[in-house]
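Report on the following structure.
Counting convention: from 1, in listed order, for ligands and their atoms alike.
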Amino acid sequence: MAGKFFPMSQFENTLNYAQQMDEQDPLKEFRGKFYFPDFHEKTVRYFTGNSLGLQPKTTVKYIAEELEAWAKFGVEGHFLAKRPWFSYHENLTEMAANVVGALPIEVVITHSLTTNLHLLMVSFYRPSGKRTKILCEAKAFPSDQYALESQVKFHGLDLSEHLVEVAPREGEQLIREEDILAKIEELGDELALVMIGGVNYYTGQLFDMKTITEAGHKVGAIVGFDLAHAAGNINLKLHDWGVDFAAWCGYKYLNSSPGGVSGMFVHERHAFSPELPRFAGWWGYDKDKRFQMEPGFIPMRGAEGWQLSNAPILGMAAHLASLEIFAEAGMERIGEKRDLMTAYLEFVIEDISNKNADRCTFELITPRDKTKRGAQLSIMAKGQGKALFDALSDLGVVADWREPNVVRVAPAPLYNSFEDCYWFGQLLEQAIQ
Ligand SMILES: *Cc1c(COP(=O)(O)O)cnc(C)c1O
């Protein structure tokens, strides 16, 4: 597929070129499957699919079907609805597993992301003897930081000693993978858990999850990832990489409604371990005997055994609508377009930066190597502050600002176009003026 595109060395920062790229894009019809925000006098250029993905046009139909089933059947919808609510999540499992490179038994869609991280750490962070420490990345997403801190404290352990962070070196923005690997080795048999964001939310840096997992396992630790910024963005192979557990949210690249449902991955090797400690609820109970309501928890096999509650069907319906689009497009093609379009946006920004070097320069924090990033580019605007971002917003660009001077933009392969990237450059240039 990639061969159908122009080679990158020929990128041009012109409308005509961007439109030709769109013309040749194998995923071009997918843009029409989404609603684009329209709250502005100017056309909105949406680059925050990494924060809240756009709404598929099919979402309303899937939700309406469940509202109708509720109206028609009341409680009997659990069994009589076209997709019975009792087992609704099963409609999502296989497609979600394909998105993250997992076996169906390893995946369940349930709860929300931070909840799932806690539930997984209850099972997989079990400090004992010497092996008590967690390794994470410095400046992790705040919710992950709080989750990790509270897990350490929950076990009555001292935070400063047990939560070990790997930070970028002095004067650098990115974390060197070699530093993560060295820290894993150094901690050795004191390391209980490695828990890292697969793609860093701030810099867009993608970590080599396979290598980190192998290094963690080599010293006897458990390895888990937060994939909030990776699911639906990166070509993941969680099963093959041997990752122990992971969780992600459905509402960023996965376009499954604000605060929508989350995914959980538990590797097959833990799938048949009823003895793993866990916080249990009835929806994780052996399905055939769930309604016998007997005391004594018997978990379902696989990731489903971590479910607590009966599923929020409307949120699950939104996720189903989106996963069907991912299944149709395929992560393979999504990944090819992601690399090309992100490279094009990078080229456009660089061109604008060079042309306006007297006023301002843009430094890319995100790795330039496409194997070390996904769709997100984090740009540091040197010589400019929030006024630049406000001007950009006034021109119709929806992006994301982080103090002191970082703009995050993510062209989402399913619905962004090369023309969007071209216009981003034009509007950025206007905003500088
Ligand atoms: C978006 C995001 C979250 C959000 O968690 P919720 O429980 O869905 O609010 C957590 N962690 C990371 C790394 C994120 O990017």
Side-chain angles (χ1 to χ4, degrees), residues 47-54 92 96 99-100 107-122 124-125 134-152 163 165-167 174-175 180 193-207 209 212 223-234 236 238 243 245-265 279 306-309 311-312 314-316 318-319 322 365-366 373-378 398-402 406 408-410 412:
F47 287 97
T48 35
N50 58 339
S51 203
L52 180 66
L54 291 181
L92 308 167
V99 167
V100 297
V107 167
V108 68
I109 301 300
T110 185
H111 319 130
S112 57
L113 171 54
T114 308
T115 310
N116 284 341
L117 286 175
H118 274 302
L119 293 174
L120 289 163
M121 283 195 276
V122 161
F124 292 107
Y125 174 52
I134 301 180
L135 182 70
C136 66
E137 85 263 42
K139 292 205 210 139
F141 190 87
S143 197
D144 296 33
Q145 244 173 44
Y146 308 144
L148 289 162
E149 285 174 11
S150 57
Q151 286 283 332
V152 170
L163 193 57
E165 295 186 347
V166 182
L174 301 172
I175 298 175
I180 297 177
L193 172 67
V194 179
M195 228 308 281
I196 289 181
V199 173
N200 183 272
Y201 81 101
Y202 179 71
T203 61
Q205 179 178 13
L206 164 63
F207 292 104
M209 290 178 246
I212 291 172
V223 181
F225 291 98
D226 182 327
L227 301 176
H229 283 263
N233 175 25
I234 304 299
L236 301 164
L238 297 183
V243 171
F245 70 87
W248 57 93
C249 51
Y251 52 82
K252 292 177 180 168
Y253 291 96
L254 291 174
N255 315 319
S256 299
S257 81
V261 289
S262 158
M264 224 186 215
F265 167 89
F279 287 170
W306 271 265
Q307 296 173 101
L308 297 181
S309 302
L314 303 184
M316 302 293 263
H319 199 32
S322 176
I365 303 179
T366 309
R373 69 183 187 200
Q376 175 182 325
L377 296 178
S378 302
V398 181
D400 175 273
W401 175 261
R402 297 281 146 157
V406 171
R408 299 187 307 163
V409 276

Residue pairs passing the side-chain hydrogen bond (donor to acceptor under 3.5 Å, both in side chains) test with at least one member in residues 107-116, sequence neighbours excluded, are His111-Asn116, Ser112-Thr115, Thr114-Ser143, Asn116-Ser262

Would you say Ser51's side chain and Gly49's backbone share a donor-acceptor pair under 3.5 angstrom? no

Counting N and O atoms only, with roles assigned by atom type, does the side chain of Ser378 sit under 3.5 Å from a partner on the main chain of Tyr202, one being a donor and the other an acceptor? yes

Write 'none' if nothing qualifies; otherwise put on separate lines each N/O atom of ligand 1 with a protein N/O atom under 3.5 Å away and their distance to 0.1 Å.
residue	atom	partner	partner atom	Å
ligand 1	5 (O)	Thr114	OG1	3.3
ligand 1	7 (O)	Thr114	N	2.9
ligand 1	7 (O)	Thr114	OG1	2.6
ligand 1	8 (O)	Tyr251	OH	2.6
ligand 1	11 (N)	Asp144	OD1	2.6
ligand 1	11 (N)	Asp226	OD2	3.1
ligand 1	15 (O)	His229	NE2	3.1
ligand 1	15 (O)	Lys252	NZ	2.5

N/O donor-acceptor pair under 3.5 Å between Arg408 side chain and Asn50 backbone: no

Is a side-chain donor or acceptor of Asn233 paired with a backbone partner of His229 at a separation under 3.5 angstrom? yes

Can you spot which of Trp306, Phe124, Phe225 makes a ring pair (Phe, Tyr, Trp, His ring centres under 6.0 Å) with Phe245? Phe124

